[in-house]
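Computed from a predicted structure; not experimentally measured.
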Amino acid sequence: MIWSIIVGGLIGFIAGAITNKGGAMGIIANIIAGLLGSSVGQALFGKWGPSLAGMSLVPSILGAVIVIAVVSFFFGRRE
């Protein structure tokens, strides 16, 4: 359980860095984005590539990028 939270936070951090939203997200948001992104990515792209804590890293990162993009589209600041 703890290992999954740590890996989810790492996936969320990487996805935040890719989308340039990492500075606006806190650690809890990184963990949630990583865990949700892992589910979305593995559902869309399957399980392939290296795996940590039962999460395939490449599809999980891609899924987290999708989750962050969708959430920031709907809830992002309009400037």
- [ ] Enter the distance from Ile66:CD1 to Phe45:CZ here, rounded to the nearest 0.5 Å.
- [x] 4.0 Å
TODO: State the CG-CD1 distance between Leu10 and Ile5, to the nearest 0.5 angstrom.
DONE: 14.0 Å
Open item on the list: Can you list everything that forms a side chain to side chain contact (heavy atoms under 4.5 Å, CB included) with Ser39? Sequence neighbours excluded, please.
Closed with: none
Task: All side chain to side chain contact (heavy atoms under 4.5 Å, CB included) counterparts of Leu57, not counting sequence neighbours - done: Val7, Ile11, Pro50, Leu52
Going by atom type alone, with no hydrogens or angles, which donor-acceptor pairs under 3.5 Å involve a side-chain atom of residues 31-38 and a protein atom two or more places apart or on another chain?
from	atom 1	to	atom 2	distance (Å)
Ser38	OG	Gln42	NE2	3.3
Ser38	OG	Ser60	OG	3.1

Open item on the list: Ignoring hydrogens, what is the shortest heavy-atom contact between Ile68 and Gly16? Give both atom names and the distance.
Closed with: CD1-N, 3.7 Å
Open item on the list: For a quick test of reading the model, state the closest non-hydrogen atom pair linking Trp48 to Val58 and the distance between them.
Closed with: CH2-CG1, 3.2 Å
